[in-house]
Amino acid sequence: MNPDRRAFLQKTGKLLVLSASASVAWEAIVAGRPETAENYKMSDHWWGMVIDIDVCIGCGSCVRACKEENDVPREPLFFRTWVERYQVTPDDLEHPTVDSPNGGYDGFPVKDKVDEKVKHFYVPKLCNHCHQSPCVQVCPVGATFVSPDGVVLVDKTYCLGCRYCVQACPYGCRFIDPRTETVDKCTLCYHRITKGLTTACCETCPTGARQLGDLKNPKDPIHEFLREHHVLVLKPQMATGAKVYYNGLDGSVR
Amino acid sequence: MSGWLKDKGHLARMAGLFAFGITAFLVFRWLMVPAGFGLYGHYRAGALDDAGARPLHYAGRAACEGCHTDIVEARQGSRHARIGCEACHGPLIKHAQAPTEVKPTRPDGRVLCVRCHETNPWKPKGFPQVKVADHSDSGPCTACHKPHAPKIS
């Protein structure tokens, strides 16, 4: 063998081995420190929610509890969760009549004229905590993100208030907090679920129409619910990876 | 040899410029990228702690049931048994933390009961509903129905 060739092969071999070990070491450095929280391990959870439209009575408890728990501005137009009231003529799913007076905060007053020939139902809405979230993809500064336990959060100290994400969210779940001029949205009560409590909306829902679920916990009743009901996410055609599953969702709901 | 030396100063200047540029970049990067950024993804890891550090307002049902065992008993088997306590009584973590100092106020049944039980075609068919105006005069609902076990026997 040509000695030059042998030397070249030896050198290349060494270089390969060295760069491989260097890359392993670099990955170990990049992976960072292990989690430090005492009773909560992010990697053990993957949060979602089920909403059972068939039992929602439109009392607005969730909306009031959410504003209370999360210090959401009390004026209309600022909601982390809200309830929509649908009226659909069965043969015209394309054109439902939808309203949401004050997001359902005061409950829903009875309307005088009710057409018995149309369908009536409530649809509670909140952030769908998508794991392929368009709002996260458009943030120019990394102020919004999907946490390792599957919750879409906002870093309020880092948000510029550019409103890209407000426009990107297909579900209209984000708003600009007028007090801070930064974006605000449902955190799935991150301060509660990391302490073993359920969200404020699920805590106060009188009919159990909303249930928080940990999709990584095999003992969580959410699995049984998903198995035994025909559920659907909102706008599945957007492929956002939404994790709020609706039971009894009508085709007219947008 | 002399040609090599002549080029050396030019190379050293360039190397110096590069060293300065790279150092400046690293210094600016260190100043501008917050601690923990990139630990879990393209965001500041501390934001997770910020989100988790908000104050609680709702104590949660388990906290209520620890003390109010009589109510747990009263609700047993009733149609209101599954409702969270704070759904009607409001956020009460302060009461849970200082039970004697902070006392909850009694909710107004004419507002609270009606919100759920007034007849409304939007509500699911099986849900118990009444036309409140026809159902009773202006007296309190609690005159007949015990809120923790509402069925009149």
Below 4.5 Å, heavy-atom pairs only: which of B:Ala47, B:Pro124, B:Ala53 has the largest tally toward chain A?
B:Pro124
Closest-packed option against chain A by number of heavy-atom pairs under 4.5 Å, given B:Arg61, B:Arg115, B:His80, B:Lys123:
B:Arg115
Between B:Ala51, B:Cys88, B:Gly126, who has the most heavy-atom pairs with chain A when the cutoff is under 4.5 Å?
B:Ala51
If I compare all heavy atoms of A:Phe108 with all of A:Ser100, which pair ends up nearest, and what's the gap?
CE2-CA, 4.3 Å
Establish, from distance only, whether the side-chain atoms of A:Thr198 and A:Arg210 form a donor-acceptor pair under 3.5 Å.
no
A:Lys156, part contacting chain B, at a heavy-atom distance under 4.5 Å
neither
Winner by heavy-atom pair count (cut-off under 4.5 Å) against chain B, out of A:Cys189, A:Ala65, A:Ala200:
A:Ala65
Any residues in residues 127-147 of chain A near chain B, with a heavy-atom distance under 4.5 Å, and which are they?
A:Val141, A:Gly142, A:Phe145, A:Val146, A:Ser147
Please classify the contact between B:Tyr58 and chain A as side chain, backbone, both or neither, with a heavy-atom cut-off of under 4.5 Å.
both
Report which part of B:Pro121 has an atom under 4.5 Å of a heavy atom belonging to chain A: side chain, backbone, both, or neither.
both
Any idea which of B:Leu56, B:Ile83, B:Val114 has the most non-hydrogen atom pairs under 4.5 angstrom with chain A?
B:Leu56
Would you say A:Arg74 has more than 12 foreign heavy atoms packed within less than 6.0 Å of its CZ?
yes
What option among A:Asn70, A:Asp149, A:Val151 has the most heavy-atom pairs under 4.5 Å with chain B?
A:Asn70
Measuring heavy-atom distances to chain B, does A:Asp106 have an atom under 4.5 Å in its side chain, in its backbone, in both, or in neither?
backbone
Check whether A:Asp214 reaches the backbone of A:Trp46 with its side chain - one donor and one acceptor, N or O, closer than 3.5 Å.
yes
Distance-minimising heavy-atom pair for A:Val110 and B:Thr119:
CG2-O, 3.6 Å
Between B:Ala59 and chain A, which part of the residue has a heavy atom less than 4.5 Å away: side chain, backbone, both or neither?
backbone
I'd like to know whether NZ of A:Lys195 has more than 12 heavy-atom contacts from other residues, nucleotides or ligands below 6.0 angstrom.
yes
Begin from the C-alpha positions of B:Val132 and B:Arg110 and carry the test side-chain contact (heavy atoms from CB on, under 4.5 Å) through to its verdict.
CA-CA 9 Å; B:Val132 173; B:Arg110 287 308 280 199; 3.8 Å; yes
B:Asn120 and A:Tyr122: side-chain donor and acceptor closer than 3.5 Å?
yes
Mind checking side-chain hydrogen bond (donor to acceptor under 3.5 Å, both in side chains) for A:Thr182 and listing every partner two or more places apart, or none if nothing turns up?
A:Thr180
Just do the side chain to side chain donor-acceptor pair (under 3.5 Å) check on B:Glu86 and B:His57 with the steps written out, would you?
CA-CA 10 Å; B:Glu86 288 161 308; B:His57 292 78; over 6 Å; no
Ignoring hydrogens and geometry beyond distance, is a side-chain donor-acceptor pair present between A:Thr157 and B:Arg44 at under 3.5 Å?
yes
Hey, which of A:Gly208, A:Pro206, A:Cys205, A:Gly107 has the most heavy atom pairs under 4.5 Å with chain B?
A:Pro206
Is there a donor-acceptor contact under 3.5 Å from the side chain of B:Trp122 to the main chain of A:Tyr86?
yes
Counting heavy atoms not belonging to B:Arg82, are there more than 12 under 6.0 Å from its CZ?
no
With a 4.5 angstrom heavy-atom cut-off, is it the side chain or the backbone of A:Ile57 that approaches chain B, or both, or neither?
both
So which of B:Gly60, B:Ala62, B:Gly84 has the biggest tally of heavy-atom pairs under 4.5 Å with chain A?
B:Gly60
